[in-house]
Chemist: 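Below you will find the structure I want to go over with you.
Both ligands and their constituent atoms are indexed starting at 1 by order of listing. Every value quoted in this text rests on a predicted model; they were computed, and no experiment measured them.
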Amino acid sequence: MKHIVEILNADITKITVDAIVNAANNSLTGGGGVDGAIHHAAGPQLREYCITLKGCATGKAKITPGFNLPAKFVIHAVGPVWNNGTGDEEKLLALCYQNSLQLAVENNIKTIAFPCISTGAYRFPFDKAAAIALTTIDAFLKNNPSIEKVYLVVFGEKDHKNYERILNRFYP
Ligand code: ADP
């Protein structure tokens with residue numbers, strides 16, 4: 001699966017793929033970080049659409065159009081807030097990736113870009129989150145050949161180097 005998964009140091013709102021994933025909150029009505037950037041770039045129609053979805057549980061995902069984004073769809077996944085691993089955070093983070101990819105398959109999405117969910121305001125340790133992302137994506141791709149490309153998008157050189165190191169350990 002090594003050739004399908006690629007790390008990019010970029011602003012996820014600028015990437016032309018079938019779908020970008022948003023690290024959303026339970027309300028789905030917008031927030032800070034990557035969520036704020038996606039809503040800003042997509043335009044106010046995204047928020048109007050999201051309001052009709054009536055929120056999303058942690059670990060689950062919902063799909064919307066991309067509106068003014070280059071991406072056709074946004075998959076809004078709600079990551080867990082890190083609480084020292086006491087609240088099933090690892091399992092919930094894995095479910096975010098799994099449920100997002102499941103929605104992608106159901107919507108004929110072949111190229112998808114993920115931010116590193118929960119590693120910003122939600123304080124999930126980056127290395128742990130990246131390893132969960134890679135493990136979950138790899139397992140999913142083995143059973144779902146319709147997905148052609150998965151970009152793992154990081155924001156900044158430190159996270160980029162970290163993610164590359166974890167990827168190289170994962171796919172030696
Ligand atoms: P969460 O609340 O799930 O932690 P954040 O948006 O605070 O979500 O952070 C998630 C990750 O997204 C962090 O690693 C952060 O560096 C990254 N990030 C923030 N803005 C962007 C962006 N425009 N494109 C890609 N990644 C981003």
Side-chain angles (χ1 to χ4, degrees), residues 5-44 46-47 50 53 55-64 66-101 103-104 109 111-137 149-167 170:
V5 180
E6 193 177 323
I7 295 163
L8 286 183
N9 184 5
D11 178 351
I12 202 166
T13 65
K14 304 241 155 57
I15 298 176
T16 304
V17 277
D18 294 336
I20 61 170
V21 176
N22 182 15
N25 58 43
N26 294 118
S27 78
L28 295 188
T29 56
V34 73
D35 193 9
I38 288 172
H39 274 271
H40 181 76
L46 179 60
R47 187 161 187 276
C50 281
L53 299 177
C56 183
T58 305
K60 299 257 168 74
K62 292 190 177 178
I63 190 164
T64 71
F67 297 104
N68 295 337
L69 288 163
K72 192 167 170 207
F73 296 102
V74 180
I75 294 173
H76 305 260
V78 182
V81 177
W82 179 252
N83 193 16
N84 292 316
T86 57
D88 264 346
E89 295 97 308
E90 302 195 14
K91 197 170 130 206
L92 289 166
L93 185 64
L95 281 172
C96 282
Y97 286 92
Q98 207 174 305
N99 287 325
S100 297
L101 289 165
L103 271 179
I109 286 160
T111 57
I112 183 167
F114 283 93
C116 201
I117 300 169
S118 284
T119 64
Y122 283 4
R123 303 181 317 271
F124 207 108
F126 187 90
D127 290 18
K128 219 185 260 292
I132 290 167
L134 288 170
T135 308
T136 311
I137 290 165
K149 194 82 202 176
V150 178
Y151 294 105
L152 300 168
V153 184
V154 289
F155 214 40
E157 202 41 53
K158 181 166 165 266
D159 287 348
H160 190 203
K161 284 210 175 84
N162 264 336
Y163 220 146
E164 286 287 359
R165 177 177 50 77
I166 295 159
L167 181 81
F170 194 80

Chemist: Which atoms of ligand 1 sit under 4.0 Å from any heavy atom of Gly33?
Modeler: 6 (O)

Chemist: Would you check whether Asp35 has a nitrogen or oxygen atom less than 3.5 angstrom from a nitrogen or oxygen atom of ligand 1?
Modeler: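 No, since none of the N or O atoms of Asp35 sits under 3.5 Å from an N or O of ligand 1.
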
Chemist: So is Gly31 touching ligand 1 or not, going by heavy atoms under 4.0 Å?
Modeler: no

Chemist: Which of the numbered atoms in ligand 1 are below 4.0 angstrom from a heavy atom of Ala10?
Modeler: 24 (N), 25 (C)

Chemist: Does a donor on one side chain and an acceptor on the other come within less than 3.5 Å for Asn83 and Glu89?
Modeler: no

Chemist: Hey, is ligand 1 close enough to Ala121 that some N/O pair sits below 3.5 Å?
Modeler: yes

Chemist: Applying a strict 4.0 Å limit to heavy atoms, is Ser118 in contact with ligand 1?
Modeler: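 Ser118 counts as a contact of ligand 1 under the 4.0 Å cut-off.
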
Chemist: So is Tyr122 polar-close to ligand 1, meaning N/O to N/O under 3.5 Å?
Modeler: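 Min N/O separation from ligand 1 is below 3.5 Å for Tyr122.
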
Chemist: Closest non-hydrogen protein atom to atom 24 (N) of ligand 1, residue and atom name please, with distance?
Modeler: Ile12 N, 3.0 Å

Chemist: What's the shortest distance from atom 12 (O) of ligand 1 to any protein heavy atom, and which residue and atom give it?
Modeler: Val34 CB, 4.0 Å

Chemist: State, with a plain yes or no, whether a side-chain heavy atom of Pro115 is found less than 4.5 Å away from one of Val21.
Modeler: yes

Chemist: To which protein heavy atom is atom 8 (O) of ligand 1 closest, and what is the distance rounded to 0.1 Å?
Modeler: Ala23 CB, 3.8 Å

Chemist: When rounded to the nearest 0.5 angstrom, what is the spacing between CD1 in Ile137 and CG in Leu152?
Modeler: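 Ile137 CD1 to Leu152 CG: 4.5 Å, rounded to 0.5 Å.
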
Chemist: Counting only nitrogen or oxygen atoms and a 3.5 angstrom limit, does Thr13 reach ligand 1?
Modeler: no

Chemist: Give me the nearest non-hydrogen protein atom to atom 14 (O) of ligand 1 as residue plus atom name, then the distance to 0.1 Å.
Modeler: Thr119 OG1, 2.7 Å

Chemist: Measuring from Asn99:CG to Lys62:NZ, what's the distance to the nearest 0.5 Å?
Modeler: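 Answer for the CG-NZ pair, Asn99 versus Lys62, is 12.0 Å.
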
Chemist: Does a donor on one side chain sit under 3.5 Å from an acceptor on the other, for Asn84 and Thr86?
Modeler: no

Chemist: With Ile75 as reference, evaluate Ile112, Leu101, Asn22 under the side-chain contact (heavy atoms from CB on, under 4.5 Å) test and give the passing residue.
Modeler: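 Testing each of Ile112, Leu101, Asn22 against Ile75, the sole residue satisfying side-chain contact (heavy atoms from CB on, under 4.5 Å) is Ile112.
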
Chemist: Under 6.0 Å from the NZ atom of Lys149, do we count more than 12 heavy atoms belonging to anything else shown?
Modeler: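 Counting neighbours around NZ of Lys149, more than 12 heavy atoms of other residues, nucleotides or ligands fall under 6.0 Å, so yes.
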
Chemist: Out of the candidates Val74, Leu69, Val154, Val34, only one should pair with Ile12 under the side-chain contact (heavy atoms from CB on, under 4.5 Å) rule; please name it.
Modeler: Val34

Chemist: Considering only the protein, which heavy-atom contact is closest to atom 23 (N) of ligand 1, and what is its distance?
Modeler: Asp11 OD1, 2.9 Å

Chemist: Looking only at protein heavy atoms, which one is nearest to atom 17 (C) of ligand 1, and what is the separation?
Modeler: Phe155 CB, 4.2 Å

Chemist: Where does the angle between the aromatic ring planes of His76 and His39 fall among parallel (under 30°), tilted (30 to 60°) and perpendicular (over 60°)?
Modeler: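 Tilted: the ring planes of His76 and His39 meet at 30° to 60°.
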
Chemist: Do any nitrogen or oxygen atoms of Gly120 lie less than 3.5 angstrom from nitrogen or oxygen atoms of ligand 1?
Modeler: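 Among all N and O atoms of Gly120, at least one is under 3.5 Å from an N or O of ligand 1.
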
Chemist: Is it true that a side-chain atom of Ser118 and a backbone atom of Pro80 form a donor plus acceptor pair closer than 3.5 Å?
Modeler: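 Checking the backbone N and O of Pro80 against the side chain of Ser118, a donor-acceptor pair under 3.5 Å is found.
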
Chemist: Could you tell me the residue and atom name of the protein heavy atom closest to atom 11 (C) of ligand 1, and the distance to it rounded to 0.1 Å?
Modeler: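 In this structure, atom 11 (C) of ligand 1 has Cys116 O, 3.4 Å as its nearest protein heavy atom.
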
